[in-house]
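Reviewing the structure listed below.
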Amino acid sequence: MTRELALTQPFDLELSLTMGQAFRWRPLGDGRFSGVLGENLIHIRQIEGGVEYRVGGPDGERDGSDSDDGLLRRYFREDDDVTAIYNDLSRDPVVARLVAQYPGMRVLRQEPWECLVAYTCSRRNTIARIAHNIEAIASLSQRTVKLGDDVRCVFPTAAQIVRAGEGALKDLRLGLNRPGNVFKAANQVCIGALNLDALAEVKVPCNEAIRTLEDCPGIGPKIANCVAMMSLDKLDAFPVDIWILRALERWQYQNRGCQMPRNTMSPNDHRRIASWAQLYFGKYAGCAGQYLFHGIKPNK
DNA sequence: GGCCAGGTATAGC
DNA sequence: GCTATACATGGC
């Protein structure tokens, strides 16, 4: 059964799903996208005034419900005041231009654990290969969800990854992300040393969440900021990668107070730039960063 | 082959 | 603190 969901604010489904923040959406070729959200396999496309979607679970397609609507609204951050965010971001002329050019590019609210693993795989990697890595890791759950002919794997819990073992991860060829990193992170979550849901609470400030994440082996400032922004509701987090550095340089942000790193970027350089960005772009600095990332990346 | 891709940990100063 | 370097894998 196809279900319609009204979305009243600026929204570009394809751009939001494919710009490189989330890695489990595949085009089905007819304007629809297939993706796994928790225990649900979603087929979705944009229509006038919102989206229409179908949903499947372990036993195949089922009727959508109000709670599925809620799941999608939450994922798309429909609860944000998008126009207010855009107005706030438009204090900067470059971001203002990008917002006008790409309206409706939302920051998706991803699952923290999956987001952490995905960005742990992002070191010196390409978006296509991160997606490939994530699908490989998903297969470790051995739990499928179905919708018609489409069969996908649920993303494994930290406990399932620990159970699968370090050797299973090694076989997946995760590149610079040593298998040990994902495995160690899974262990930290398993034993409760890293409680991602607690970090998502409003009372936990961005910088505190980031500090906690950085205590985890294999997680540095870039990944910590990504996880905070895209899964822990800290829209002021500001991940700095080589594309953001290029954007800051290309659009001359040195002239707006940004202190660029001299050579290779140290954790202190990252903290300095993130602090500047939070002052300069404001409380939605992460959204500004997402626009800079999209604006600077080739092959759009 | 050489270079690059959403970085991080480590060892040397 | 800062800097250089190793790290794993695949595409162009």
Side-chain angles (χ1 to χ4, degrees), chain A residues 15-25 98 102 105 107-108 110 112 114-137 166-188 194 210-232 234-235 237-251 259-275 277 285-300:
Chain A
L15 186 55
S16 300
L17 297 184
T18 63
M19 57 76 59
Q21 55 178 320
F23 305 98
R24 294 207 73 193
W25 291 99
L98 291 168
Y102 303 107
M105 187 176 74
V107 174
L108 302 171
Q110 304 187 46
E114 181 173 341
C115 187
L116 174 70
V117 175
Y119 281 92
T120 301
C121 293
S122 71
R123 316 176 4 171
R124 285 278 173 184
N125 209 344
T126 58
I127 289 172
R129 286 186 48 221
I130 297 167
H132 188 261
N133 291 155
I134 292 302
E135 286 303 307
I137 292 172
E166 200 167 347
L169 284 167
K170 197 165 191 170
D171 293 339
L172 300 182
R173 300 182 162 274
L174 300 180
L176 250 193
N177 161 45
R178 308 283 291 273
N181 289 336
V182 173
F183 192 72
K184 283 173 190 161
N187 257 318
Q188 301 270 315
L194 181 59
I210 286 168
R211 269 201 309 277
T212 305
L213 289 166
E214 286 178 345
D215 285 339
C216 199
I219 299 183
K222 157 65 170 58
I223 296 171
N225 276 269
C226 282
V227 173
M229 174 179 105
M230 301 185 209
S231 75
L232 301 180
K234 321 296 183 198
L235 292 185
F238 192 80
V240 182
D241 56 39
I242 63 172
W243 293 107
I244 291 295
L245 284 178
R246 286 168 188 166
L248 294 173
E249 195 169 336
R250 153 114 55 107
W251 290 308
Q259 196 181 336
M260 299 293 290
R262 292 243 171 271
N263 302 308
T264 58
M265 197 174 58
S266 68
N268 265 345
D269 289 325
H270 196 297
R271 274 186 278 276
R272 194 156 38 231
I273 293 175
S275 298
C287 306
Q290 181 166 286
Y291 269 107
L292 292 176
F293 176 79
H294 185 64
I296 198 74
K297 269 215 98 174
N299 305 323
K300 283 195 293 289

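Values below: every heavy atom of this structure, side chains too, minus hydrogens, waters and symmetry copies. Chain letters run A, B, ... following the sequence lines, proteins first and then strands; every chain starts at 1.
For K297(A), the listed nucleotide lying nearest its side chain is dG6(B); candidates were dT8(B), dA5(B), dG6(B). Side-chain proximity of M230(A) to the nucleotides dC2(C), dT3(C), dG6(B) is greatest for dG6(B). When distances are taken from the side chain of D241(A) to each of dG6(B), dC7(C), dC2(C), the shortest belongs to dG6(B). If you check dC7(C), dC2(C), dG6(B) against the side chain of R123(A), the one that comes closest is dC7(C). Here the side chain of R246(A) is nearest to one of dA5(B), dG6(B), dC2(C), namely dA5(B).
Nearest approach of I127(A) to G20(A), heavy atoms of both residues: CD1-CA, 3.8 Å. The shortest non-hydrogen separation linking Y119(A) to K222(A) is CD2-NZ, 3.9 Å.
If you check every strand for non-hydrogen atoms under 4.0 Å, T264(A) touches a base. Across all strands, R173(A) comes closer than 4.0 Å only to sugar-phosphate atoms, never to a base (heavy-atom distances). Within 4.0 Å (heavy atoms only), I242(A) reaches sugar-phosphate atoms of the nucleic acid but no base atom. No contact: R271(A) has no heavy atom under 4.0 Å from any strand. P221(A) comes within 4.0 angstrom of sugar-phosphate atoms only, judged by non-hydrogen atoms across all strands, and of no base. Among the atoms of the strands shown, none is found under 4.0 Å from any heavy atom of L174(A). Using a 4.0 Å heavy-atom criterion, one finds that P217(A) contacts the sugar-phosphate atoms exclusively.
Donor-acceptor pairing under 3.5 Å, judged by distance alone, is present between the side chain of R129(A) and the base of dT9(C).
Taking atom P on both nucleotides, dC4(B) is separated from dT5(C) by 15 Å, rounded to a whole Å. One P atom belongs to dG6(B), the other to dA6(C), and the distance between them is 22 Å to the nearest Å.
Closest-nucleotide positions on DNA chain B for C216(A) and C226(A) were compared, and the one nearer the 5' end corresponds to C226(A). Nearest-nucleotide mapping onto DNA chain B: of G218(A) and I127(A), the residue sitting toward the 5' end is I127(A).
Within the structure, every side-chain polar atom (N or O) of N177(A) is placed at least 4.0 Å from both OP1 and OP2 of dT8(B). Residue N125(A) has no polar side-chain atom (N or O) positioned under 4.0 Å from OP1 or OP2 of dA5(B).
Both geometric conditions, a ring-centre gap below 5.5 Å and a plane tilt below 30°, are not fulfilled together for W243(A) over the base of dG6(B).
Under the side-chain contact (heavy atoms from CB on, under 4.5 Å) rule, N125(A) has a single partner from N177(A), L174(A), I130(A), L176(A), which is I130(A).
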